[in-house]
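Read through the structure below, which is laid out as structure tokens, and then see the notes.
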Amino acid sequence: MIKTGAKCSGMRKYFFSFGIFILLYVVGTVLPLEVTPHYYNAMARVWNWTEILVLLLGIYYIVKTRTFRWKQAVVAVSLGAVCLISLFRDSRTAEILVTSVCAAVAFYSACRLYELAEAENPTIHAGVTGSIRYFSLGAVISVPLAFLNVLYFSFSREIAVRNVLSSAVFALKPAIAEEVVFRFFLLAYASYLFREKAQQRFIHVAILCLLVIPHDVIHYPDLFLRSPGLAVGMCVLNGIIFGLPMALLMKKKNLQMAVGMHWFIDFVRFSAGF
């Protein structure tokens, strides 16, 4: 049984991690872009810094476990390699490389964290057939959200149908990278911090906040500079409509379903020219 002290230690680490993220977010948002000219806007800078933070945390726990699971390593490298496809349509080579490495490290480290927490996660043992089935189910569930997302973008720009095949391929990168880095890894991290206390209501809410808030707010640092009120509104709206469903899928089901949902939403958006 986990002692109260262990629970408090986990909570301290939880808030400390959130504090580091908030600090990076504030600095990355208000720091003049001229100081870091290789970032084209504040969102790119905050996003990249957050990925580096997760990368370092992931490396720490990989080293801490001192074990090697080659099957999980192969999956991790494969996921990172898929993220590299963005190089064919995006000139930000350094940032894409960081994202790809971070996705690979975050996946493998998450597997190690579940081992440390002595917790099972169905993601790891789903197999190829099961993963395809879960991915497809996640995509089907996301259909209403995908078209709602396109409707939102259509208010400001006209729909311009793009190549469906390339849209499907390039949608894999954000779906995999974001779900692995900002949800699968953070869920494993929270599971390790709280151990079997993770099912308590307060801890459950704390974990959902960790799976929704960081990923949500890193989309809006530039908007926070222009219109803080609108940025808060967008964070709340997108967090409830898109972030929370993916977080619940990740927590209640598995990574494959969350990636499937994320992939289809981005696939439809890319296909519509947004």
Side-chain angles (χ1 to χ4, degrees), residues 13-14 16-31 33 35-63 73 75-113 170-190 192 209-224 235 238-239 242-243 246-247 250 255 258-259 262-263 266:
K13 291 179 180 177
Y14 172 90
F16 179 76
S17 300
F18 242 123
I20 294 296
F21 167 71
I22 292 171
L23 177 62
L24 285 178
Y25 190 91
V26 172
V27 173
T29 299
V30 303
L31 190 70
L33 283 175
V35 178
T36 55
H38 52 289
Y39 293 117
Y40 68 98
N41 61 18
M43 185 187 81
R45 181 167 59 193
V46 170
W47 198 297
N48 192 236
W49 286 2
T50 305
E51 287 179 331
I52 292 173
L53 177 63
V54 171
L55 175 61
L56 295 175
L57 194 60
I59 291 173
Y60 169 77
Y61 282 108
I62 289 175
V63 173
V75 174
V77 172
S78 300
L79 292 174
V82 171
C83 295
L84 290 174
I85 60 176
S86 286
L87 290 172
F88 293 101
R89 62 176 290 175
D90 198 322
S91 61
R92 295 172 295 162
T93 304
E95 291 176 41
I96 292 172
L97 288 175
V98 169
T99 297
S100 302
V101 172
C102 185
V105 170
F107 179 84
Y108 186 77
S109 180
C111 296
R112 304 278 57 75
L113 281 165
F170 288 120
L172 288 171
K173 183 262 183 181
I176 291 174
E178 294 175 33
E179 292 306 311
V180 169
V181 173
F182 295 107
R183 279 191 256 274
F184 184 64
F185 173 80
L186 293 180
L187 176 59
Y189 179 56
Y192 169 70
C209 288
L210 188 64
L211 302 187
V212 174
I213 295 175
H215 176 260
D216 191 27
V217 299
I218 60 175
H219 287 80
Y220 302 110
D222 298 281
L223 186 57
F224 269 109
C235 284
N238 279 282
F242 298 103
M246 292 180 195
M250 184 70 73
L255 170 65
V259 169
H262 199 139
W263 171 81
D266 280 342

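Of all the heavy atoms in N41 and L33, the pair that sits closest is C-CD2, 3.6 Å. Minimum heavy-atom separation, L186 to V181: CG-O, 3.9 Å. Taking every heavy atom of both residues into account, S109 and L57 meet most closely at OG-O, 4.5 Å. Minimum heavy-atom separation, A103 to A177: CB-CA, 4.3 Å. In terms of heavy-atom proximity, C235 sits nearest to Y220 at SG-CD1, 3.5 Å. What you find for P221 and Y25 is that their closest heavy atoms are N-OH, 3.3 Å.
Between the CZ atom in F182 and the NE2 atom in H262 there is a gap of 10.0 Å [rounded to 0.5 Å]. Note that the NZ atom of K173 and the CG atom of D90 stand 7.0 Å from one another [nearest 0.5 Å]. Interatomic distance, CG of L24 versus CZ of R45, reported as 11.5 Å (0.5 Å rounding). With values rounded to the nearest 0.5 angstrom, T36 atom OG1 is found 10.0 Å from N48 atom CG. The line from CE of M43 to CD1 of I218 is 8.0 Å long, rounded to the nearest 0.5 Å. Remark: E179 CD to L187 CG distance equals 11.0 Å, nearest 0.5 Å.
For an aromatic pair to be called close, the ring centres must be under 6.0 Å apart, and Y39 with W47 fails this.
Screening residues 97-113 for salt bridge (Lys or Arg N to Asp or Glu O under 4.0 Å), with sequence neighbours left out, gives R112-E115.
When side chains are defined from C-beta on, C209 counts as touching Y14, because their heavy atoms get closer than 4.5 Å. Side-chain contact between L97 and L84: present, with at least one pair of heavy atoms (C-beta onward) separated by less than 4.5 Å. Residues F185 and L113 form a side-chain contact, since some pair of their non-hydrogen atoms from C-beta on lies under 4.5 Å apart.
In this structure, the side chain of H219 engages the main chain of H215 through a donor-acceptor pair within 3.5 Å.
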